[in-house]
Every structure is written in C-alpha cells, then in structure tokens.
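Only one structure is covered here, and it is reproduced in the block below.
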Amino acid sequence: MLGHGDAAEAAERAGREAAHGDRVQALTAAAAACRAHEDAGAQAADDGVEAGSLAEAVARELAQATAQLPERQREALALRELLGLSHDEVGAVVGLDPSAIGLLLARARLRLRVELRGEGAALPPCDERERALRTIALRQDGEPVSEADEDWLIEHLGHCVGCARAHSTMLEASACYRAWRLDEEAEAPAGAGADAPS
C-alpha cells in the first residue's frame with residue numbers, strides 16, 4: 001500500500017509486531033510510516049520535482065493538499081485510507097475515543113476536498129450536521145451503524161442540501177486519497193507486489 005522504501009518497510013514491520021504483541025505500539029509505528037510517506041510526497045511537491053506522468057502529478061497534488069491538514073486529521077486519514085484500520089484502531093493510535101473518529105475523519109475528508117479544489121460554496125446551516133457527518137463516516141468506512149441512525153440519515157439526506165453535499169464531498173475526497181495509493185501501486189516494479197505490504 002505504501003509503495004516501497006522506508007515507509008513500506010516500517011508499516012510491514014508494524015504489521016508483524018501487531019500479530020505478536022503490543023497492538024497500539026505497532027499501530028503507532030504504522031502511523032509514523034504513513035506520516036513519513038506523506039511528508040516525502042509533500043516535500044517533493046515543495047521542491048518542484050518535475051512531473052514525469054499524470055499519476056506523479058496527481059500524487060504530488062494530493063501530497064501537497066494532505067500536508068495542509070491538521071496533524072491529527074492527516075494521521076487519522078492515513079491510518080484509515082492507507083492502512084484500512086477500523087475506527088477503534090485509529091482511536092487507539094491518535095489517542096481519541098473511537099466514537100470521535102467518525103467526526104474526525106469526516107472533517108479531514110471535507111478539508112482535503114477544500115485543499116484540492118478550493119473552498120466552493122458554503123454549506124447551508126444544519127443543526128444536525130455533526131450527527132450526519134459522524135454517521136456518513138461510519139457508513140463510508142463500513143463501521144457498525146444502528147438501524148435508527150441508518151434510517152435517520154437516509155431521511156435527513158433527502159431534505160438537507162448541505163449534508164447531502166457533504167456526503168458527496170467526503171466520498172470524492174476518499175476516492176482521491178485512494179487514487180494516490182493506487183497510482184503508487186501501479187508504479188511498483190514488476191514482481192514487487194508479492195513482497196509489498198497489503
């Protein structure tokens with residue numbers, strides 16, 4: 001997932017450690033690998049590295065946008081989107097209650113979209129925005145959602161233009177973030193996939 005090099009090796013090592021002992025310590029090491037991976041991409045963008053392909057240009061744009069996120073949002077997004085950790089696991093790494101991770105990821109995705117595409121029109125006000133964002137993130141990440149919250153969200157998105165727009169924005173941001181990872185996987189040397197962390 002992280003391509004090749006120090007970040008990939010650190011994440012792979014963290015995965016082995018998680019299987020044999022302290023899961024939080026292993027996940028923290030994986031988070032550090034993700035940060036190093038993103039920092040390297042952002043540094044390449046800052047250094048004005050010439051684009052060799054469209055995939056490299058997209059990766060640089062995403063790295064630069066991600067570098068603008070607050071550290072906790074950047075870390076949570078990397079742990080979720082790059083390593084596929086659950087909200088419970090992300091919470092253990094970033095030091096937050098798992099119930100707060102949905103809203104953290106929602107805000108990270110919304111902010112990433114702003115960094116990539118600009119501010120756009122402001123979302124109309126909604127008294128239920130936090131509940132909607134949290135529930136959207138849970139559903140988007142395949143986390144458990146109560147039937148009552150599922151029903152409420154479907155009904156709410158049907159009449160709240162702002163939350164419906166936030167929903168599509170979050171999906172777009174995740175797709176962009178994952179494209180960064182897929183671009184790097186596509187550029188991996190032939191035959192390297194068997195040894196790469198998954």
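Summarising the geometry of Ala65 relative to Leu116, their closest heavy-atom pair is CB-CD2, 3.6 Å, with the distance given to 0.1 Å. Across Arg111 and Pro70, no two heavy atoms sit closer than the pair NH1-CD, 3.4 Å. Of all non-hydrogen atoms in Arg165 and Pro124, the two that sit nearest each other are NH2-CD, 4.1 Å. Minimum interatomic distance between Ala173 and Leu112 (heavy atoms only, all atoms of both residues): O-CD2, 3.8 Å. Residue Thr66 comes nearest to Arg74 through the heavy atom pair O-CD, 3.3 Å, listed as atom of the first residue, atom of the second, then distance. Nearest heavy-atom pair across Gly162 and Leu123 is O-CD2, 3.6 Å.
The main-chain N or O of Ala166 is never found under 3.5 Å from a side-chain atom of Arg113 such that the two would form a donor-acceptor pair. Checked by atom type and distance alone, the side chain of Arg134 never pairs as donor or acceptor with a backbone atom of Gly102 at under 3.5 Å.
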- Query: Stepwise, does the side chain to side chain contact (heavy atoms under 4.5 Å, CB included) test hold for Ile154 with Arg139?
  - Reply: CA-CA 11 Å; Ile154 299 303; Arg139 290 181 77 231; 4.1 Å; yes
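Cluster membership for Leu138 and Leu77, using ILVMFWY side-chain heavy atoms within less than 4.5 angstrom, is not shared. When the side chains of ILVMFWY residues are joined at heavy-atom separations under 4.5 Å, either directly or via intervening members, Val94 and Leu85 end up in a single hydrophobic cluster. Two different hydrophobic clusters hold Leu110 and Leu96 under the rule that ILVMFWY side chains link at heavy-atom gaps under 4.5 Å. Cluster membership for Ile101 and Leu153, using ILVMFWY side-chain heavy atoms within less than 4.5 angstrom, is not shared.
The number of heavy-atom neighbours closer than 6.0 Å to CG of Asp97, taken from other residues, nucleotides and ligands shown, is above 12. Around atom CD of Glu147, no more than 12 heavy atoms belonging to other residues, nucleotides or ligands sit under 6.0 Å away.
Side-chain atoms of Gln140 and Ser174, non-hydrogen and from C-beta on, do get closer than 4.5 Å to each other. Here the side chains of Cys160 and Arg129 are in contact, with some heavy-atom distance below 4.5 Å. Inter-residue side-chain proximity for Gln64 and Glu115 is flagged as unmet; no heavy-atom pair is nearer than 4.5 Å.
For the side chain to side chain contact (heavy atoms under 4.5 Å, CB included) with Arg80, the qualifying choice from Glu89, Glu75, Arg109 is Arg109, the only one to do so.
One finds the CD1 atom of Ile136 at 11.5 Å from the CG atom of Asp149 (value rounded to the nearest 0.5 Å). Remark: Met170 CE to Cys163 SG distance equals 10.0 Å, nearest 0.5 Å. To the nearest 0.5 Å, the span separating CG on Leu105 from CG on Leu133 amounts to 11.5 Å. One distance of note links CG of Leu69 with CD of Glu71; it measures 11.5 Å at 0.5 Å rounding.
Under the 30°/60° scheme for interplanar angles, the aromatic rings of Trp152 and His156 are found to lie parallel.
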